[in-house]
Amino acid sequence: MTTSATQPEPLWAPGPDRISAARITAFQAWAATRFGAPAEGGYPALHRWSVDELDTFWQAVAEWFDVRFTTPYESVLADRSMPGAQWFTGATLNYAEHALRAAEDPARAAEPALLYVDETHEPVPVTWAALRRQVGSLAAELRALGVRPGDRVSGYLPNIPQAAVALLATAAVGGVWTSCAPDFGARSVLDRFQQVEPVVLFTVDGYRYGGKEHDRRDAVAELRAELPSLRAVVHIPLLGTPAPEGALDWSALTAADTEPVFEPVPFDHPLWVLYSSGTTGLPKAIVQSQGGILLEHLKQLGLHCDLGPEDRFFWYTSTGWMMWNFLVSGLLTGTTVVLYDGSPGHPDTGAQWRIAERTGATLYGTSAAYVMACRKAGVHPSRDFDLSAVKCVATTGSPLPPDGFRWLHDEVAEDLWIASVSGGTDVCSCFAGAVPTLPVHIGELQAACLGTDLQSWDPSGKPLTGEVGELVVTNPMPSMPIHFWNDPDGSRYRDSYFEMFPGVWRHGDWITITDHGSVVIHGRSDSTLNRQGVRMGSADIYEAVERLPEIKESLVIGLEEPNGGYWMPLFVHLAPGAALDDDLRARIKATIREELSPRHVPDEVIEVPGIPHTLTGKRIEVPVKRLLQGTPLAKAVNAGSVDNIELLGFYEDLARTRTHGND
């Protein structure tokens, strides 16, 4: 393969057979004939067309995937302003109808729609016919309980088949689904559910994680007491306890052999409410539409992830993270969806690879952190597991470091499509990531996604190539929020994304778009390090530091000081048995200097008892920065959004001692 200065040698490239067999290749050829899309020029030409001819592109997606409009649309994109874009005006449809379409095929009815795996790692199938029947039964019961289109239905559930059934039954009746994982404490759940006032709550008595049972009956009792809007509570006895007084039994609600009835709802009718991490106040209650999610997920899963009826789709996630909603949408493409409920590393670090093997996963998604943990623990996936079915390993949650790319390539398969993807809860999708027909370069996301007008801008709004800038999206996506709940004038929505560049979505990430069209994510722009006017991403520092075996995890903060100075401490959580002595400090600084630059070297290296995260596993940078600036803990962070609030006391104490030391 010849490469030029602008086209570095890729780690992997799809062969001609793979490119010709990819669904996106067939889509491009069809769209060229039907809609005038470019027949030549591969993915870059298709992407250019998809953003230049935005309404034609989305019309093509709807036709290619045979979206069933109960009432036809009058216009694909009646208003393209952001926020407030109006998609497929006049149309009605139902998301759940599309998710259950494979069950209509008699040849597929007995095939698994879901494969459920717990910590025993033994897959349990739920067939398409059984899934459709359960959704039909539960939807009828929800209607009997008085659930009407627009009513909110909530789940305090782990990643079990019942959660998927409840989501689909809610969508079938036109209700609005919202869920939290049962490892969230009652206060965290109430911060979310009280905003949307659900009329039904689906709940478990507890869950199993890391080989232990966790009883949640007290938390459930608190939720029932603090959610006066509830008309019904449905009990799922995961740990085998009897239903509490007044609760309905899951099995009774799903026992009937009832054909599902799908309520036709407007394209922009709310489908579900997702929540931001809520580290600095109440979580934002993000509302996405039935039609917007349907089209965005068909595009993302059917074209970018190349999923179809012969695939098995496994992503390690919980119901408290948007990736769970994305995973369930795998059903839209007729794919078998793998639901794993348990610890990512039980009984050992290689657990997720074992699940991929036992379920025959063709696309396996996980976190960058898990990949790096496997590398550090000396896991050898291809040696120890049969991963011959796995075509793609995808990662998200944080940027996959270059070492992670190399490790997957070396330890899983040389002919492995590695898809590092980046998006957000805000759109429940990806801005950039997987493209089955493009090469993979180390440390880079393959390309911006179709229909996503992704750009990198400087502070004045000038597009950049090859330089770090703000991640912006300059045209609407169908899955952008229709609104936030409890934001009647839309001000919180506008402030969240459109304040810096009016009419343009600013996501809050630093990115570089390379000259060959790939994307590099550098970290959050609201916690970005800025030394002597040079912006640096924290992810680069974590990648360098966490290669050292003594470092379990790290956190870097940049603090603008009142005197014009800049203080950049690096906090390190050490591996068991390690000590932060002068030698380790020197090695940390030398590693950062050699792998990054002298400017990246921290002013101090400070040992901490642990690194705080959001409940979805992201390092908490901005609240720690606020604590170090002297903001009181209660104002700097929403306690219910943090995995271990006690860890923040260290940073609060440090701020106090620094202030007194500077007096």
Side-chain angles (χ1 to χ4, degrees), residues 95-96 98-102 112-118 123-126 128 131 135 155 157-171 177-182 271-275 288 293-294 296-309 311-342 344 351-352 355-356 358-368 370 389-397 419-425 427-430 433-434 449 479 616-617:
Y95 168 90
H98 292 80
L100 293 169
R101 265 165 83 169
L114 306 173
L115 282 175
Y116 169 56
V117 188
D118 62 14
V124 178
V126 178
W128 283 101
L131 179 63
V135 170
L157 301 171
N159 186 9
I160 55 178
Q162 293 92 325
V165 171
L167 159 60
L168 294 174
T170 300
W177 174 256
T178 190
S179 61
C180 285
L271 170 62
W272 56 46
V273 181
L274 302 176
Y275 303 94
Q288 286 144 354
I293 287 293
L294 174 64
E296 178 63 35
H297 285 183
L298 282 169
K299 176 210 75 175
Q300 202 66 42
L301 292 157
L303 299 178
H304 285 282
C305 295
D306 203 27
L307 290 175
D311 285 297
R312 295 193 165 190
F313 179 32
F314 166 41
W315 204 296
Y316 179 78
T317 182
S318 82
T319 59
W321 188 27
M322 60 143 286
M323 288 310 301
W324 180 78
N325 303 65
F326 189 78
L327 174 66
V328 173
S329 279
L331 298 169
L332 297 171
T333 57
T335 299
T336 298
V337 168
V338 176
L339 306 174
Y340 173 59
D341 174 34
Q352 292 185 41
I355 293 157
R358 294 204 178 166
T359 58
T362 55
L363 192 160
Y364 157 44
T366 187
S367 65
Y370 177 71
V390 176
K391 294 184 294 192
C392 177
V393 173
T395 67
T396 193
S420 176
V421 305
S422 181
T425 300
V427 293
C428 197
S429 188
C430 310
C449 295
S479 64
T616 53

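For the pair L131/V165, a side-chain contact is recorded, criterion being any heavy-atom separation below 4.5 Å from C-beta on. The shortest distance between side-chain heavy atoms of Q288 and V273 does not fall below 4.5 Å. Looking at heavy atoms from C-beta onward, L363 lies in side-chain contact with L307 at the 4.5 angstrom threshold. Counting heavy atoms from C-beta outward, Q300 and C430 have side chains that approach closer than 4.5 Å. Counting only heavy atoms from C-beta outward, the side chains of I160 and L339 never approach each other to under 4.5 Å. Counting heavy atoms from C-beta outward, I293 and C428 have side chains that approach closer than 4.5 Å.
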How far apart are the C-alpha atoms of L114 and L331, what are their side-chain angles, what is the distance that settles it, and do they pass the side-chain contact (heavy atoms from CB on, under 4.5 Å) test? CA-CA 9 Å; L114 306 173; L331 298 169; 4.1 Å; yes

Would V338 and Y116 satisfy side-chain contact (heavy atoms from CB on, under 4.5 Å), going step by step from the backbone distance to the final call? CA-CA 6 Å; V338 176; Y116 169 56; over 6 Å; no

Given Y370 and Q352, is the side-chain hydrogen bond (donor to acceptor under 3.5 Å, both in side chains) satisfied, shown in steps? CA-CA 9 Å; Y370 177 71; Q352 292 185 41; 4.7 Å; no

Verify side-chain contact (heavy atoms from CB on, under 4.5 Å) between L100 and L168, making sure each step is shown before the conclusion. CA-CA 9 Å; L100 293 169; L168 294 174; 4.2 Å; yes

side-chain contact (heavy atoms from CB on, under 4.5 Å) for L271 and W177? Distances and angles first, verdict last. CA-CA 6 Å; L271 170 62; W177 174 256; over 6 Å; no

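Remark: the backbone N or O of G308 is paired with a side-chain donor or acceptor of T335 at under 3.5 angstrom. Within the 3.5 Å criterion, the main-chain N or O of V421 finds a donor-acceptor partner in the side chain of T396. No donor-acceptor pair closer than 3.5 Å links the side chain of S329 to the backbone N or O of H297.
For H98, the ring pair (Phe, Tyr, Trp, His ring centres under 6.0 Å) test picks out no residue, with sequence neighbours left out.
Going from atom CH2 of W272 over to atom OG of S179 covers 9.5 Å, rounded to the nearest 0.5 Å. Atom OG1 of T333 and atom CZ of R101 lie 11.5 Å apart (nearest 0.5 Å). In this structure, NZ on K299 lies 10.0 Å from SG on C305, to the nearest 0.5 angstrom. In this structure, CG on D306 lies 11.0 Å from CG on L301, to the nearest 0.5 angstrom.
In terms of heavy atoms, L332 sits closest to A99 at CD2-N, 3.6 Å. When all heavy atoms of M322 and S429 are compared, the closest pair comes out as CE-N, 3.8 Å. Considering every non-hydrogen atom in both A102 and G334, the closest pair reads CB-CA, 4.2 Å. Nearest heavy-atom pair, A361 versus V390, reported as atom, atom and distance to 0.1 Å: O-CG2, 3.3 Å. The two residues W128 and A113 come nearest to each other via the heavy atoms CD2-CB, 3.4 Å. The two residues G433 and C449 make their nearest non-hydrogen contact at N-SG, 4.1 Å.
The aromatic rings of F326 and F313 lie perpendicular to each other, with more than 60° between the two planes, well past the 30° mark.
Annotation: side-chain hydrogen bond (donor to acceptor under 3.5 Å, both in side chains) contacts involving residues 312-325, sequence neighbours excluded, comprise N159-W324.
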